[in-house]
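Remarks on the structure that follows.
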Amino acid sequence: MRDKLEQIKRKAMEAMDSLNNLDQLEEFRVKTLGKKGELTLVLREMGKLPPEERPVIGQLANEIRSYLENELSKKTAELKNAALEKRLAEEAIDVTVPGKVPALGKLHPVTKVLNELKDIFLGMGFDVAEGPEVEWDSYNFEALNIPKNHPARDVQDTFYINENILLRTHTSPVQIRTMLKKKPPIKVICPGRVYRSDAIDATHSPIFHQIEGLVVDKNITMGDLKGVLDVFAKQVFGPETKTKFRPHHFPFTEPSAEVDVTCAICHGSGCRVCSYTGWIEILGAGMVHPKVLAYCGIDPQEYSGFAFGMGLDRITNLKYGIDDIRLLFENDIRFLKQF
Amino acid sequence: MLMPINWVKDYVEIDMDIRELADKLTMTGSKVEEVITLRENISNVVVGRIISVEQHPNADKLVVCNVDVGTEVIQIVTGASNVAPGQLVPVALHGAKLPGGVTIKKGKLRGVESHGMMCSGEELELKDSDYPGAEVDGILILQEEYPLGMDIKEALDLNGQVVDLEITSNRPDCLSMVGMAREIAVSTGKSWRMPKIDVMPSIGNVKDELQVVVENPDLCPRYIARIVKDVKIGPSPQWMRRRLAAAGIRPINNIVDITNYVMLELGQPMHAFDYDKIEGRKIVVRTAKPGESIVTLDDKQRSLTPDMLVIADASKPIAVAGVMGGANSEISADTKHIVFESALFNGTSVRLTSKALGLRSESSSRFEKGLDINMTLTAIDRAVQLVQELGAGTVVEGRIDVLNASTDNRKLTAKWNRINQLLGLNLTADEIADILNDLGLETSVDGESITTLVPTYRNDIEGEADLAEEVARIYGYDRIPMTLMEGSAAKGIRTENQKLVDSIKLALTGMGMYEVITYSFTSPRVYESIGITVDMVPETVRIANPLGEDQSIMRTTLMPNILEVLSRNYNRRIESCSIFEINPVFLPKALPLTDLPDEVLTLAMGEYGDGVDFYTLKGKIEALISLLGLSKRTDYQKAVHPALHPGRTAEVLVDGKSAGIFGEVHPRTAENYELNTRVIMAELNLQALLENADTVRKYKALPKYPAVTRDLAFIVEKRIQAAQILDLICKGGGNILEEVSLFDIYEGSQIPEGCKSMAYSLTYRASDRTLTDDEVNRAHQRIIGLLEEELNARLR
């Protein structure tokens, strides 16, 4: 019996060496270790042995079984591994061939920059207000302390529809609409398209985009205006950016300022973009004129506020180094793809 | 405004570099555009004396001169014929630079050495106004003695710097040398002074010679006239002409130059009339009579209307008040006696007149902004003083001064601490008062209040805010500390619509589309280009003063813009293009426009290229509809639009209401836009879609029971639409039909002529139990029954 077992083991070992695929291996396992396998058959004859030999032979049989099982599983793993290696080797591809790019469009650069600015101001607590592009003369001018026949009307070359209706020359009427509708505290930005009858050239477009801001509350100061715009400039043009506030005149703010930022191209050392001044003018701003507040039913003795405005197209061009505003409205796909 | 430094120095001390001064002025509100150094393009040109002139040995038309340039005597060959020994001339030495980028080098002319060049006035870009005789042909012969070798710019006083200022419209007082002197003084901590005005005792009495009547005192609050007799018209002296030229005004003759000089010095426009041409020795300031006209100094005939203020004599207008004088009373070489006018005209009136006549002058642009009622007097005395100084005539004693308004300073009271509050500063009352006093705004402190006497040249100062600006700009905007108001940490809010538009844009770019932005005004002819016949053109909002006919109406459709962009890209050989624009269209409620038009936010899409067809764009629209939560409420039905292919156009219906149209562009439309390819285009009423959007999402339990999938293929007539079939399938399937998808449409062999095979995959599922075969079969049979019955479908 012991010999039989040893023989089974020896035979099995020999056979196993010659097996080289998983099917053969399985067949072998059934033949040797299965319910009707050789080893099982031998063990069935255990009863015929004298009682004292049974444990010894039983142990031997179990040892052989577990040995064979172990060898089998090693062999199986080996074969599986080899098969996998083979497959992997066969499946190698040229990873330098270009990928299958899903069609992905782009937002217009002006929208991208607008979104960026919106995020900055939303983060500072500004809501986003909108209004019509065809606007009342009264909201576009009179409410803003620019009565009929005011010289400032000549400066902003206006497209008129009729005596009372025009194409808004700035998004300021949205500020007026906001103040007429809502009591302070007010904190909004007003982005949108605006119209001025400028002939089209590299720096002028009769239609362009503005983003204005308005804050009205008790105790709003010019220091707040400076603070907000400084934070804004640093977020758009980088933390090293400085702002410079120069006195200026707008009918709808008093005091008024023009705001320069350090040139994003040369960082203040002077280059072609900033006309070698190191500064680029990007904003008009000021404290809301008391007459404007009063027109909107807000008591200028109780409340104060600031407003600012900037050209979105100009900021887009500065940010991306675009040298001709016409490109923004031409919509050549090769241009749009770049942003 | 051009401010020659040498001129303004008459009224204020400047002891700093001009660029530093420029920065200071900019930071106090007088923005410096540019600091111009005069004659920067001339160097190494000196005064020389011609010692000898000899004929050139090899050329008839050349002469050889020896010229003493102080340090040496050099030989110069010239072709000029007006040279003679003893003359003083400008000599460009070896290495000299001349205007136009010319560099002078020594060389040989026809074999004779020449070590420099004698210059003509033209070569130095000099005009007669810079130096008399500068415009004659030939070498500029200097009339006065100068040291030999002296730089010509120094000799002829051509040096100097001019500051170009951008003066804001609220500060007409800064449009003058004394006005800027005042600003320079405050900005640099110096004092300034007015020119000393002394009119020497003179003859006669102006009131005997002239009468002035002001009929419209509201349009002319003050009119002052003085008379100068026996004028000697001639060129003004060089210093005056040089100052005028440096300030950008062309010198004309002594009298006209004096009026311009006074205007630039004091900011008060002046005019001079030929006294003998004033009929009736009478000046009437009145509005024009119907039908009157005048030939202005620019020799143009101007028709006048009764709202225009004119200066007239006894019978006719002789000037358009504050705008321009008339040719009929112009100063000429023969003028004997003159009348000087110094007046204050209503700014709005001048502006409207100048606009109506299309005639802007230095004078009108100043009056428009509102001038100083007191400066009229100073200016006219300054003018006659200059006449006396220049010996240009005999001043008649006295002035006619018709004054119809107050010349007093205005009193303004403010709370000084409000100024601090507005600026975010903490100045004392005295600090505030000091700044205002320095500016000539005489201010006293009384407890919480300050009282300011606003001089008549500061009409812009009306209230507290204006005083605050004065304080801020002189104290320094840069010294106001930066702060952030309360609530800056709270996040702002976008409206639901704003959020949706943002996500739609992102979704569309995710589908491969590029956002475009186009002009919202357009040509009335675009309708024809997209096949809309004249009788079908919608009402539009028309611009009264467009840039041109092509940009004269507000668009009512984005289709032409989309086609233009596609066309531009197509014709630039871009293989495929997929674009969208979101912007409003403008629909008038009624014409003529009495109310604002409806601005309807519109989404337009367009694409062409390989693989692009009706269904690629429809798929994008469906994805968008799904994003807006409108899939179940949206239908697509066959439609017609002139711009689109009649067999390939669909309307989008939300709850049965039209929300837009899309389809393949009509070949004729495509041809109009030079698009020789299939183009798909859509225009959706985004406003309506947003109003209907349902973006509230709620979790629905995932299915617990298995689904049963059955395929269904049948043959129907070609004209049967998928939507009809879908309706019947849904009707027959009932509530256990979970999903229907059309996976094949086939026409061809094995399918009868005029028919098509449609293959669907149907998914059945119940949410509360496992469906039995029996249940599914019943539903499936119902569907088949309906299809057979209603559409005459035959199962395959």
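Keep in mind the model is a prediction, meaning the values are calculated, not measured.
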Quick one: what part of D460(B) sits under 4.5 Å from any heavy atom of chain A, side chain, backbone, both or neither? neither
Any chance you could measure L506(B), atom CG, to L107(A), atom CG, to the nearest 0.5 Å? 5.5 Å
Show every side-chain hydrogen bond (donor to acceptor under 3.5 Å, both in side chains) that has at least one partner inside residues 461-471 of chain B, sequence neighbours left out. K291(A)-E462(B), R458(B)-E470(B), E470(B)-R473(B)
Sort S205(A) into side chain, backbone, both or neither according to what part of it lies under 4.5 angstrom from a heavy atom of chain B. both
Looking only at non-hydrogen atoms, find the nearest pair between N162(A) and L593(B) and report the distance. ND2-O, 3.0 Å
Picking from T594(B), T168(B), L508(B), I493(B), which has the most non-hydrogen pairs under 4.5 angstrom with chain A? I493(B)
Between P546(B) and chain A, with a heavy-atom cut-off of 4.5 Å, which part of the residue counts as in contact: side chain, backbone, both or neither? backbone
Heavy-atom distance under 4.5 Å to chain B: side chain of D217(A), backbone, both or neither? neither
R568(B)/E330(A) under side chain to side chain contact (heavy atoms under 4.5 Å, CB included): CA gap, chis, key distance, verdict: CA-CA 8 Å; R568(B) 186 171 302 129; E330(A) 212 173 56; 3.6 Å; yes
Distance in Å, E254(A) CD paired with I461(B) CD1, rounded so as to fall on 0.5 Å steps: 8.5 Å
Between L425(B) and M222(A), is there a side-chain heavy-atom distance shorter than 4.5 Å? no
Part of E564(B) lying under 4.5 Å from any heavy atom of chain A: neither
What one should report as the nearest heavy-atom pair of A468(B) and P255(A) is C-CG, 4.0 Å
Can a salt bridge be assigned to the pair E281(A) and K31(B) using a cut-off of 4.0 Å between side-chain N and carboxylate O? yes
Under 4.5 Å heavy-atom distance to chain B, tell me which part of F306(A) shows up: side chain, backbone, both or neither. side chain
Is P206(A) close to chain B through its backbone or its side chain, or both, or neither, when contacts mean heavy atoms under 4.5 Å? both
Considering only heavy atoms and a distance below 4.5 Å, find which of S578(B), G463(B), C577(B), A465(B) pairs most often with chain A. A465(B)
Given a strict heavy-atom distance threshold of 4.5 Å, which part of P300(A) is in contact with chain B: side chain, backbone, both, or neither? backbone
Heavy-atom contact with chain A under 4.5 Å, split by part of I579(B): side chain
Heavy-atom distance under 4.5 Å to chain B: side chain of I165(A), backbone, both or neither? side chain
With a 4.5 angstrom heavy-atom cut-off, could you sort out which part of T28(B) is near chain A: side chain, backbone, both or neither? backbone
Minimum heavy-atom separation for E599(B) and V134(A), please, with both atom names. OE2-N, 2.7 Å
If every non-hydrogen atom of M27(B) is compared with every non-hydrogen atom of F245(A), which pair is closest and at what distance? CE-O, 3.4 Å
E163(A) portion near chain B, given a 4.5 angstrom heavy-atom threshold: neither
What residue in H209(A), E130(A), K118(A), E258(A) has the most heavy-atom pairs under 4.5 Å with chain B? E130(A)
From CA spacing to verdict: side chain to side chain contact (heavy atoms under 4.5 Å, CB included), H248(A), E166(B): CA-CA 10 Å; H248(A) 196 68; E166(B) 183 201 329; 3.3 Å; yes
Starting from the C-alpha separation in whole Å, work towards a yes-or-no answer on side chain to side chain contact (heavy atoms under 4.5 Å, CB included) for D478(B) and K244(A). CA-CA 7 Å; D478(B) 51 339; K244(A) 183 162 84 178; over 6 Å; no
Considering non-hydrogen atoms only, spot the tightest contact between L596(B) and E135(A) and give its length. CD2-C, 3.7 Å
For the atom pair CD1 (I207(A)) and CD (Q551(B)), what is the distance rounded to the nearest 0.5 Å? 8.0 Å
Nearest non-hydrogen partners of G227(A) and M482(B), listed with the distance: CA-CB, 3.8 Å
Could you check whether any side-chain heavy atom of I543(B) comes within less than 4.5 Å of a side-chain heavy atom of I161(A), counting everything from C-beta outward? yes
Measuring from R196(A):CZ to L547(B):CG, what's the distance to the nearest 0.5 Å? 13.5 Å
Under 4.5 Å from any heavy atom of chain A - which part of I574(B): side chain
Can you tell me which of L422(B), V565(B), T26(B) forms the most heavy-atom pairs within a distance under 4.5 Å of chain A? L422(B)
Heavy-atom proximity to chain B below 4.5 Å, by part of L166(A): neither
Any donor-acceptor pair under 3.5 Å from K226(A) side chain to T483(B) backbone: no
How many angstroms lie between CZ in R193(A) and OG in S520(B), if you round to the nearest 0.5 Å? 4.0 Å
If one checks every heavy atom of L352(B) against chain A at 4.5 Å, the contacting part turns out to be side chain
Against chain A, label Y519(B) side chain, backbone, both or neither, depending on which of its atoms sit under 4.5 Å from a heavy atom there. both
Please look at T348(B) and chain A and tell me whether the side chain, the backbone, both or neither of the residue comes under 4.5 angstrom of a heavy atom of that chain. side chain
Check whether any side-chain N or O of Q498(B) sits under 3.5 Å from a backbone N or O of V128(A) as a donor-acceptor pair, and report yes or no. yes
Would you find a donor on one side and an acceptor on the other, under 3.5 Å apart, between the side chain of E515(B) and the backbone of T111(A)? no
Against chain A, label N569(B) side chain, backbone, both or neither, depending on which of its atoms sit under 4.5 Å from a heavy atom there. side chain
Considering only heavy atoms, which portion of S256(A) lies under 4.5 Å from any heavy atom of chain B: side chain, backbone, both, or neither? both
Show me, pair by pair, the donor-acceptor contacts under 3.5 angstrom made by side chains of residues 331-339 of chain A, not counting sequence neighbours?
from	atom 1	to	atom 2	distance (Å)
N331(A)	OD1	I517(B)	N	3.1
N331(A)	ND2	F329(A)	O	3.1
N331(A)	ND2	I517(B)	O	2.9
D332(A)	OD1	R334(A)	N	2.9
D332(A)	OD1	R334(A)	NE	3.0
D332(A)	OD2	R334(A)	NH2	2.7
D332(A)	OD2	R572(B)	NH1	2.8
Q338(A)	NE2	R334(A)	O	3.2

Quick one: are V259(A) and Y477(B) in side-chain contact, heavy atoms under 4.5 Å? no
Side chain, backbone, both or neither: which part of R418(B) has an atom under 4.5 Å from a heavy atom of chain A? side chain
For a 4.5 angstrom cut-off between non-hydrogen side-chain atoms, does M485(B) reach V215(A)? yes
Measure distances from I200(A) to the heavy atoms of chain B and classify the residue's part below 4.5 Å as side chain, backbone, both or neither. side chain
Heavy-atom cut-off 4.5 Å, strictly under: side chain, backbone, both or neither for R542(B) against chain A? backbone
Give, as side chain, backbone, both or neither, the part of N420(B) having an atom under 4.5 angstrom from any heavy atom of chain A. neither
Could you tell me which of L467(B), V541(B), N561(B), T518(B) has the largest number of non-hydrogen atom pairs under 4.5 Å with chain A? T518(B)
Would you call the rings of F521(B) and F159(A) parallel, tilted or perpendicular if under 30° counts as parallel and over 60° as perpendicular? perpendicular
